[in-house]
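These notes concern the structure reproduced below.
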Amino acid sequence: MFCREHIERIVKDCFTTYGGSQLDTPVFERKEILAGKYGEDAKLIFDLMDQGGEQLALRYDHTVPLARYLAMSGAITAQAKLWQVGKVYRRDNPVMSKGRMREFSQADFDIAGTWDTMIPDAEIISLVCTILSRLDVGEFTIKMNHRKILDGIFEVCGVPADKIRTISSAVDKLDKMAWADVKKEMTDEKGLDPFVADKIGEYVKYKGGPELLETLKADAVLMANANAKVGVNEMSILFTYLAAYNVVEKISFDLSLARGLDYYTGIIYEAIVEASAPPGFTSANAFASSSATPSVPSPSAVQAPPKKKAAKKATASPDEEEEIDESQVGVGSIAAGGRYDNLVGMFTAAAAGEGKKASSLPCVGISIGLDRIFALVWPKWVERGMRSKETMAYVMAAGDGLLAERVALVHELREAGIKTDFLFKAKPKLPAQFAAGEKDEVPFAIILGGDELKEGLVTVKEQRWEFVDGKKAKVESNDKGTKVKRAELIQWIKDKPTFKDWSSGKLIV
């Protein structure tokens, strides 16, 4: 659990560093609150019913409950930064090894209120870059797009208005499906004209950096569309701010990014790592070059990844789950979000009644998948010999048990903020006490002796570990420890580099 707590501690520290205030919303909502907000993903909502027959549902994310909370507050929060950390639930096929579960932890940071264009959006992207850098998830990329640019592309390509959201959902699968498969879904399953699909394919191949904006601005047909023009102008402003935050090199402006949720209205983004895509799937690799030229092969050159999923049996019931081959599943995005300017207004309008004016509140935010990050960080944690517990000192006694003296010192150390433990025996043997402390990889073994206590001294032995033949082992030493004045013990421990660096969790030499 120390690794999980380490991840959560860093995330929360970054949230407060960026000026956020904590919020806690209920785990379940009335079903009508969640309905109509998630597009095709609505089928993943867990339905509940209480004893009185009221239709309820487990929360799918933190965003909709936050919008409901803001609406209940009258949507009068002029400017606010709010964060939440908690469980969310989805009726998805779990893949435990990749951090994909039905119950999982998400950490959200949202900025509500009317601000100058794209400033809060840039703040959110800076925040996620800061968090992922501190968590050491490895090389990461922030894929970014604008919903209005995407809508503009669909409109100029000829997508009917009533199909824009469903076609957007199909495009969003290009990070794990070949273009040929995405096109087939558009045409065969969703009824889109193949000619229109091909026109979309010419646009969604593009990915790059700020220079991609010049390519889009040079497209007279696209710039004649009002939505696309607004989106391109806002992206230009955003890249200026991201340069000031010094995060442009982390950005991939990717026209294939769609984000399937219905409530997004502006900028959308997601953070990915190499493990995000299915293993071996390189044709849709999101680690794009910075060139504004298409970096995805033409549809005819795209090869689908090997399919090793077990197909559903022909006689399977509709509720029967498909077997998942974990070796063919990627971690997916580890953080995602965007701007949702109308979601709060949907709730205030419903409360106000038909024909009545209702207040709204623009918002932008990010959701961070803590379990997916844990799936990435944990192997590195083990490989580096990181700790699994936070105990920093273990108080022992040599000779007569000295239970009262041990308890008194343990209490004193804990009061001083030093995480401390001891063996729950009146007269334990010293080897048993060392074994207990070493099991938890405690760096400071504090040994009490009757004669030393009379002199106002204790013995402190610093302990470290090393890898031997791939296994973590304690470094053996003939050092008998350091005599430290009892009254100066707390400061002595706190001055040690091991204590100052304790939050890293590393005690390997």
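Please read these numbers as outputs of a predicted model, since none were measured by experiment.
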Go through the steps for Ser252 and Asp254 under the test side chain to side chain donor-acceptor pair (under 3.5 Å), then give the verdict. CA-CA 6 Å; Ser252 172; Asp254 190 336; 4.6 Å; no
Check Leu135, Ile272, Leu376, Val273 against Phe140 for a side chain to side chain contact (heavy atoms under 4.5 Å, CB included) and give me the one that passes. Val273
Quick one: pull up CE in Met235 and CG in Asn145 and give me the separation to the nearest 0.5 Å. 6.5 Å
Test of understanding: with salt bridge (charged side-chain N to carboxylate O under 4.0 Å, His left out), list the residues that count as partners of Arg90, not counting sequence neighbours. none
Could you label the plane-to-plane angle of the Phe15 and Trp83 rings as parallel, tilted or perpendicular, counting under 30° as parallel and over 60° as perpendicular? tilted
If you define the side chain from C-beta out and look only at heavy atoms, does anything of Arg102 sit under 4.5 Å from Phe46? yes
Taking all heavy atoms of Cys14 and all of Leu127, pick out the closest pair and write down the distance. O-CD1, 3.8 Å
Nearest 0.5 Å, what's the CD-CD1 distance between Glu123 and Ile366? 12.5 Å
Are there over 12 heavy-atom neighbours, none belonging to Phe28, within less than 6.0 Å of that residue's CZ? no
Whether the side chain of Asp400 engages the backbone of Leu402 through a donor-acceptor N/O pair (distance < 3.5 Å, no angle test) should be reported. no
Answer yes or no: does atom NZ of Lys485 have more than 12 heavy-atom neighbours from other residues, nucleotides or ligands under 6.0 Å? no
pair Ile10-Ile7: side-chain heavy atoms closer than 4.5 Å: no
Audit row: Glu8, Lys12, salt bridge (Lys or Arg N to Asp or Glu O under 4.0 Å) steps and yes/no: CA-CA 6 Å; Glu8 192 169 310; Lys12 289 180 177 179; 3.0 Å; yes
Between Phe424 and Phe422, does the ring centroid distance fall short of 6.0 Å? yes
Can you give me the closest heavy-atom contact between Lys494 and Ala416, atom names plus distance? NZ-O, 2.7 Å
Rounded to the nearest 0.5 Å, what separation is found between the OG1 atom of Thr498 and the CD atom of Glu462? 5.0 Å
State the CD1-CG distance between Ile142 and Leu132, to the nearest 0.5 angstrom. 5.5 Å
With distance as the sole test, does Arg414 use its side chain to make a donor-acceptor pair with the main-chain N or O of Thr420 at under 3.5 Å? yes
Any Lys/Arg nitrogen of Asp13 or Arg134 sitting under 4.0 Å from an Asp/Glu carboxylate oxygen of the other? yes
Taking the side chain as every heavy atom from C-beta outward, state whether Lys250 and Thr141 have any atom pair closer than 4.5 Å. no
Ignoring hydrogens and geometry, is there a side-chain-to-backbone donor-acceptor pair from Asp421 to Tyr394 under 3.5 Å? no
Test your reading of the model: is there a side-chain donor-acceptor pair from Lys454 to the backbone of Gly449, 3.5 Å cut-off? no
Of all heavy-atom pairs between Arg406 and Ala426, which one has the smallest distance, and what is that distance? NH2-O, 3.4 Å
Would the distance check show the side chain of Asp341 and the main-chain N or O of Thr265 forming a donor-acceptor pair, the cut-off being under 3.5 Å? no
Would you say Asp440's side chain and Val442's backbone share a donor-acceptor pair under 3.5 angstrom? no
Arg59 side chain vs Lys87 backbone, donor-acceptor pair below 3.5 Å: yes
Whether the side chain of Asp371 engages the backbone of Ser105 through a donor-acceptor N/O pair (distance < 3.5 Å, no angle test) should be reported. yes
Can you tell whether the side chains of Asp47 and Lys31 come within less than 4.0 Å, N to carboxylate O? yes
Considering non-hydrogen atoms only, spot the tightest contact between Ser126 and Tyr18 and give its length. OG-OH, 2.8 Å
Lys81 and Asp110 ion-paired at < 4.0 Å: no
Among Glu452, Glu412, Glu455, find the one that has a salt bridge (Lys or Arg N to Asp or Glu O under 4.0 Å) with Arg486. Glu412
Checking side-chain contact (heavy atoms from CB on, under 4.5 Å) for the pair Glu139/Glu274: CA distance, chi angles, key distance, verdict? CA-CA 8 Å; Glu139 289 297 320; Glu274 188 176 2; over 6 Å; no
Please determine whether a side-chain nitrogen of the Lys or Arg among Arg464 and Glu441 lies less than 4.0 Å from a carboxylate oxygen of the Asp or Glu. no
Is any side-chain heavy atom of Ile267 less than 4.5 Å from a side-chain heavy atom of Glu234? no
Look at the side chain of Gln433 and the backbone N and O of Ala397, then say whether any donor-acceptor pair between them is shorter than 3.5 Å. yes
Check this for me: Tyr263, atom OH, are more than 12 non-hydrogen atoms of other residues, nucleotides or ligands nearer than 6.0 Å? yes
Taken to the nearest 0.5 Å, the spacing of Thr25 OG1 from His62 NE2 works out to 6.5 Å
Do you know which two heavy atoms are closest between Cys363 and Ala112, and how far apart they sit? SG-CB, 3.7 Å
So which atom in Tyr60 and which in Leu34 form the shortest heavy-atom distance, rounded to 0.1 Å? N-CD1, 4.3 Å
Looking only at the aromatic ring of each residue, does the gap between the centers of Trp381 and Phe2 stay below 6.0 angstrom? yes
Is the number of heavy atoms from other residues, nucleotides or ligands within 6.0 Å of NZ (Lys439) greater than 12? no
Verify the neighbour count for atom CG of Asp116: are there more than 12 heavy atoms of other residues, nucleotides or ligands below 6.0 Å? no
Evaluate the criterion salt bridge (Lys or Arg N to Asp or Glu O under 4.0 Å) for residue pair Arg339 and Asp121; output intermediate values, then yes/no. CA-CA 8 Å; Arg339 174 162 287 280; Asp121 309 67; 3.0 Å; yes
Separation between CG (Leu58) and CD1 (Ile45), nearest 0.5 Å, reads 10.0 Å
